[in-house]
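Chain letters run A, B, ... following the sequence lines, proteins first and then strands; every chain starts at 1.
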2 protein chains.
Amino acid sequence: MTASELLIRTLMVRDKLSAEEIEALRALPVRERAFGRGEAIVEAGSEPRESCLLISGFAGREVLLDDGGRQITALHIAGDFVDLHALMLKVMDHGVVALSDCSCAFVQHTALVQLTSTHPHLSRMLWLLTLIDSAVQRQWMTSMGRRSALEQIAHLICELYTRMEIVGLARGGQMSAPLTQTVLADALGLSDVHINRTLKALRQISSLTWKAGVISIASFDALAELCDFDPGYLNLVQRPR
Amino acid sequence: MTASELLIRTLMVRDKLSAEEIEALRALPVRERAFGRGEAIVEAGSEPRESCLLISGFAGREVLLDDGGRQITALHIAGDFVDLHALMLKVMDHGVVALSDCSCAFVQHTALVQLTSTHPHLSRMLWLLTLIDSAVQRQWMTSMGRRSALEQIAHLICELYTRMEIVGLARGGQMSAPLTQTVLADALGLSDVHINRTLKALRQISSLTWKAGVISIASFDALAELCDFDPGYLNLVQRPR
DNA sequence: CGTCAGATTGATATTCATCAAGATCGGTGG
DNA sequence: CCACCGATCTTGATGAATATCAATCTGACG
């Protein structure tokens, strides 16, 4: 699927778009580029002149520390407008990295600013996307601060599954998730060893499988129950915005 | 200071505003209201029709869990447009609570939407404010996941001091911070007992004082050094946005 | 067959939570 | 003015959660 169609679909999950708006999105000029796993898509400290929409693969935002530690603050999947932030922030306070092989579409900031000027509603919709990112961050913080490692992992899996399902990348309790346990550790703020052990425990109590980059969930509801997952924060409802 | 002047100042830290834009902001109709400490400013699950700008006092965003736990995901001070999120998200996935006595200004969503339609640049500036919130969240996540409790507290103090200084509420190493240790614990994802002990350690190694709601920092630089604080993420620079 | 990244496991140390008990302090009613 | 009260801060003792260090195991792949 092309970048604009992906974006249109992502937006239409949250609100109706007029034919004219859809046209405007289709008219956005994009430059496509592939990244290998581990490659930096946007460097921390840089000042990008374009924003990146993820067409396929997994990407993450990361903050790196002096001592070599890193915190992944967000995971992104196909259809996510990964780097709208740079549009307003100008200087990247974090990096975006490919967690699997990725295909990206870049849109010039000038084109996006133009779009926000001529289409206030689309402007709000893009704003909305970043606000949903914020809501996801709130849930991650809640997990890190107040949920057990087990619940934390379960919650992340529920979130990922829900998001993947929306874009047609998950179904029947199965989804591809080519994430290393170390990546998971950096995302959840835990050590990789602890992730390994907790994952083992989770497999045992919830008949869940995570092998060769594929997660299989026996019962999503049971998993959601376990970690008190409520998808409301993902804003998967059409509403005038 | 009035709500609009506060907002104008907050925005002008990040970009220049035209006289006409300043006029438009001044013309925003606001309704003011006071809240006592502990009072809910915006209820989780509600669907506000107006957004809240903090005129004075401290407020927090909080996510509550089944088991009675809570995670505070953001702290807000005078000048912060606390609840722009509701403008797009419609349903609150979290609550906003007064952490001290607060004075708030509410702006109707209809007025804000109107503003975003007629003033694309102001629209982007409001968007920017929420993106800065996001950047702050990233730092908090980094602290929670990868910094020690000591560094985490130090980092929060550095951030708060920097933000307070901008709006003229801190100077000479002193600022008012009427926050309970329990509030701090809920914000950092730690237990209140642990906060107490770590705070004691921090007082000893960095000649810092926190008494009767007033924080005194002997050397900001030393504190910043301790936790690797870099204010870049707060976007305290004027730039065309 | 060797290599390498990732997963797994064991042993041990550290950090942090929990439970319980004072201590401090501002406010309040008598 | 004083006794009391509740909220907050403080401290100690103990246990659970998690990190760290060090091997070993597995599987893909040249």
Do any N or O atoms from the side chain of [X] and from the backbone of [Y] form a donor-acceptor pair under 3.5 angstrom?
X	Y	value
A/Asp186	A/Leu184	no
B/Tyr161	B/Gly173	yes
A/Gln174	A/Val214	no

- Rounded to the nearest 0.5 Å, what separation is found between the OG atom of A/Ser134 and the NE2 atom of A/His85?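 Interatomic distance, A/Ser134 OG to A/His85 NE2, rounded to 0.5 Å: 7.0 Å.
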
How close or far is atom [atom2] of [N] from atom [atom1] of [X], stated in whole angstroms?
X	N	atom1	atom2	value
B/Leu150	C/dT14	CG	C1'	15 Å
B/Ile195	C/dT18	CD1	C1'	15 Å
A/Asp192	C/dA5	CG	P	14 Å
A/His194	D/dC21	NE2	P	17 Å
A/Gln181	C/dT9	CD	C1'	12 Å
B/Leu184	D/dT8	CG	P	14 Å
B/Asn196	D/dT8	CG	P	14 Å
A/Lys211	C/dT8	NZ	C1'	14 Å

Using the side-chain heavy atoms of [X], tell me which of these nucleotides is nearest: [options].
X	options	answer
A/Arg37	C/dA5, C/dA11, D/dT18	C/dA5
A/Leu190	C/dA11, C/dG6, D/dT18	D/dT18
B/Arg197	C/dA11, D/dA19, C/dT18	C/dT18

- Item | Earlier contact from the 5' end, DNA chain D, for A/Gln152 and A/Val193 |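 With A/Val193 and A/Gln152 compared, the 5'-side residue is A/Gln152.
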
What nucleic acid atoms does [X] come within less than 4.0 Å of, heavy atoms only: base, sugar-phosphate, or nothing?
X	result
A/Gly189	sugar-phosphate
A/Ala212	nothing
B/Thr180	sugar-phosphate

- Output yes when at least one side-chain N/O atom of A/Arg203 is less than 4.0 Å from OP1 or OP2 of C/dT8, else no.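 Indeed, a polar side-chain atom of A/Arg203 lies that close.
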
- If you count the non-hydrogen atoms of other residues, nucleotides and ligands that lie under 6.0 Å from CZ in A/Arg9, is the total more than 12?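 Yes, CZ of A/Arg9 has more than 12 neighbouring heavy atoms, counting only those of other groups under 6.0 Å.
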
